[in-house]
Protein chains: 2
Amino acid sequence: MTLPIKRIAESTVRRLSMYLRYLEGLDGLGQQTASSDELAQLCGTTPAQVRKDLSFFGSFGKRGLGYPVHGLTERLREILGLSHAWQVVIVGAGKIGSALAEYRGFRQRGFQVVGVYDKNPEKIGRPWGDATVRDMLALAHDVKEKHVDIAVIAIPADDAQEVVDQIVAAGIRAILSFAPTSLHVPPHIAVKTVNMAMELEGLSFALTNRGE
Amino acid sequence: MTLPIKRIAESTVRRLSMYLRYLEGLDGLGQQTASSDELAQLCGTTPAQVRKDLSFFGSFGKRGLGYPVHGLTERLREILGLSHAWQVVIVGAGKIGSALAEYRGFRQRGFQVVGVYDKNPEKIGRPWGDATVRDMLALAHDVKEKHVDIAVIAIPADDAQEVVDQIVAAGIRAILSFAPTSLHVPPHIAVKTVNMAMELEGLSFALTNRGE
DNA sequence: ATAAGTTTGTGAAGAATTTCACAAGCCTCC
DNA sequence: GGAGGCTTGTGAAATTCTTCACAAACTTAT
């Protein structure tokens, strides 16, 4: 694939993901082409932004016509690394972990949940979706053994760093955390944090300081 | 309160929220002061960034000493609008909505869940946390009646825009959406979207294009 | 074949955000 | 009370990200 020469901004990657979602929709509808303007309106951005984002990876459109919907869909899947099937473990068999397991888009998009872990003896051994909840003590070993790519952390903030240290040592390379805390990891590990409190407080701030 | 003259960047607000979380922790431990350097290390940012962020709102520290932990905590709560109790409704009584309802930090931080809504007749009328699931048809009316501030949208993407239109018309001012779609709202409405697929795809991209 | 009408791809300009660097201020110790 | 050692607050510089604007290229219509 065309190697990105420049570092790609996180905001660009997020938009690529959004373009992909809407292109899949258009593809399902049988639409042949889409202009940067159409994509921009669907995604709530600007046509120039769409073209710039895509231009980092190559030249996919035809002038006067737009982008080929199906071709660009496939191309974006490659760029985002979604041709590949990723191995995922979920750490924490609570409500959030449970909601995640039920999330359809998960497997649909090539993220295979190969294990669920918890340290609560009450939960260990219980069937849980396709898997069985396993003892957290086995986590590091399993991550190494099964070459797990991504760990989803859905446990309390206080326990998060310890677990992260273990699985980083075991060779994991990417982490999606729902723990409301900042995680310390070596620079080559990719981390995303979803922090609901932060989002709510962002809204609270907007409501408080709006309109001036 | 000191009015922010300049528009405050979203990234700044997110960091304020993080500073607050750690300051609360330090306050609980009885620590009197914290330097920008200490806060930066806790939050994974830089001292200069901490000082710049805070300086938008005033001058809270003492040179040579740092910031007063308790005072700054209170000040940040005000700035973020957390002195106020916000009225929240949750739309969608599925797994995500359920995980949200159980989320402790919710009420703890002044977000009062005053209603849960679903359009599925099977769910309507069921007790659910402190509340009872109500018919979605009552949503717009209730939002207007009870002066609800924030709606959390935890329903499928296809239904999201329609619901958003209704509650915007009913006078809601802020929306936190878990629907994987972009929402169209008037400019004075604050919207945050949490999109798990997008986060996972960001990780997939990082894993695919790392190290060059 | 030509003209008219679109739409891409992209340097360059502009805006926003982060980092730098240092004067000014405060504390502590002697 | 003066000296030394920290730490803040902040303009300015650097960097990053977005928007602009237009030549080039393609389609369609006649």
Side-chain angles (χ1 to χ4, degrees), chain A residues 2 4-19 22-23 26 31-73 75-76 79 182 187 202 205-206, chain B residues 2 4-19 22-23 26 31-69 71-73 75-76 79 182 187 202 205:
Chain A
T2 309
I5 309 290
K6 308 174 62 174
R7 193 189 142 276
I8 301 298
E10 178 169 321
S11 50
T12 294
V13 178
R14 298 179 73 83
R15 285 189 298 268
L16 292 178
S17 177
M18 201 156 39
Y19 303 153
Y22 283 102
L23 283 166
L26 296 177
Q31 186 169 326
Q32 295 298 305
T33 62
S35 66
S36 59
D37 196 60
E38 180 173 7
L39 278 175
Q41 281 194 276
L42 286 171
C43 298
T45 181
T46 67
Q49 185 76 79
V50 172
R51 296 199 298 276
K52 180 67 88 179
D53 285 339
L54 295 175
S55 77
F56 292 132
F57 300 92
S59 178
F60 308 121
K62 271 210 181 107
R63 297 175 186 213
L65 191 60
Y67 297 92
V69 170
H70 189 74
L72 185 54
T73 301
R75 205 65 195 69
L76 281 178
I79 289 168
S182 72
F205 178 85
Chain B
T2 309
I5 310 289
K6 307 174 62 175
R7 193 192 141 275
I8 301 299
E10 178 170 320
S11 50
T12 293
V13 178
R14 299 178 73 83
R15 283 189 299 267
L16 292 179
S17 177
M18 201 156 38
Y19 304 152
Y22 283 102
L23 283 166
L26 295 177
Q31 186 169 327
Q32 295 297 307
T33 62
S35 66
S36 59
D37 196 59
E38 180 173 7
L39 278 175
Q41 281 193 275
L42 286 172
C43 298
T45 181
T46 67
Q49 184 78 79
V50 172
R51 296 199 298 275
K52 180 67 90 177
D53 286 339
L54 295 175
S55 76
F56 291 132
F57 300 92
S59 178
F60 309 120
K62 271 208 179 109
R63 297 175 188 217
L65 191 60
Y67 298 92
V69 169
L72 185 55
T73 302
R75 206 65 195 68
L76 281 177
I79 290 168
S182 72
F205 179 84

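Keep in mind that what you see is a predicted model, and the values were worked out from it rather than measured.
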Take the protein atom CD of Gln41(A) and the nucleotide atom C1' of dT7(C), then report the distance between them rounded to whole Å. 15 Å
Figure out the OH/P separation between Tyr67(B) and dT7(D), and round it to whole Å. 12 Å
Contact under 4.0 Å: Ser11(B) side-chain N or O vs dT18(C) OP1/OP2: yes
Let's see if you can work this out: which of dT17(C), dT18(C), dT8(C) has an atom nearest to the side-chain heavy atoms of Ser36(A)? dT8(C)
Using atom CZ of Phe56(B) as one end and atom P of dT8(D) as the other, report the distance to the nearest whole Å. 16 Å
Would you say that Thr46(A) contacts Asp37(A) through its side chain, given a criterion of any heavy-atom pair below 4.5 Å between the two side chains? no
Nearest nucleotide by nearest heavy atom, which residue falls closer to the 5' end of DNA chain D, Ser35(B) or Arg15(A)? Ser35(B)
Name the atoms and distances for all side-chain donor-acceptor pairs under 3.5 Å in residues 57-72 of chain A, with sequence neighbours left out.
unit_1: His70(A); atom_1: ND1; unit_2: Asp27(A); atom_2: OD1; d: 3.3
unit_1: His70(A); atom_1: ND1; unit_2: Asp27(A); atom_2: OD2; d: 2.7

Whole angstroms only, please: what is the CD-C1' distance between Gln49(B) and dT17(C)? 8 Å
Name all residues meeting the side-chain contact (heavy atoms from CB on, under 4.5 Å) criterion together with Glu10(A); count only those two or more places apart in sequence or in a different chain, and write none if there are none. Arg14(A), Lys192(A)
Listed partners of Thr45(B) passing side-chain hydrogen bond (donor to acceptor under 3.5 Å, both in side chains), at least two apart: none
Only counting residues at least two apart or in another chain, list the ones meeting side-chain hydrogen bond (donor to acceptor under 3.5 Å, both in side chains) with Gln31(A). Glu38(A)
Report the residues that fulfil side-chain contact (heavy atoms from CB on, under 4.5 Å) with Ser55(B), sequence neighbours left out, ordered by chain and then residue number. Lys52(B)
Rounding to a whole Å, what distance do you find between Leu72(A):CG and dG9(C):C1'? 14 Å
Just checking, is any N or O donor in the side chain of Thr73(B) or Tyr19(B) under 3.5 Å from an acceptor N or O on the other one? no
Separation of dT17(C) atom C1' from Leu16(B) atom CG, nearest Å, is 14 Å
Within the 4.0 Å limit for protein heavy atoms, which parts of nucleotides 21-30 of chain C are touched? Write it as a string from 5' to 3', B for base, S for sugar-phosphate only, - for none. B-BBBBS---
Nearest whole angstrom, please: distance from the P of dT6(C) to the CD of Glu38(A). 16 Å
Distance check needed: dT8(C) C1' versus Asp53(A) CG, whole Å only. 14 Å
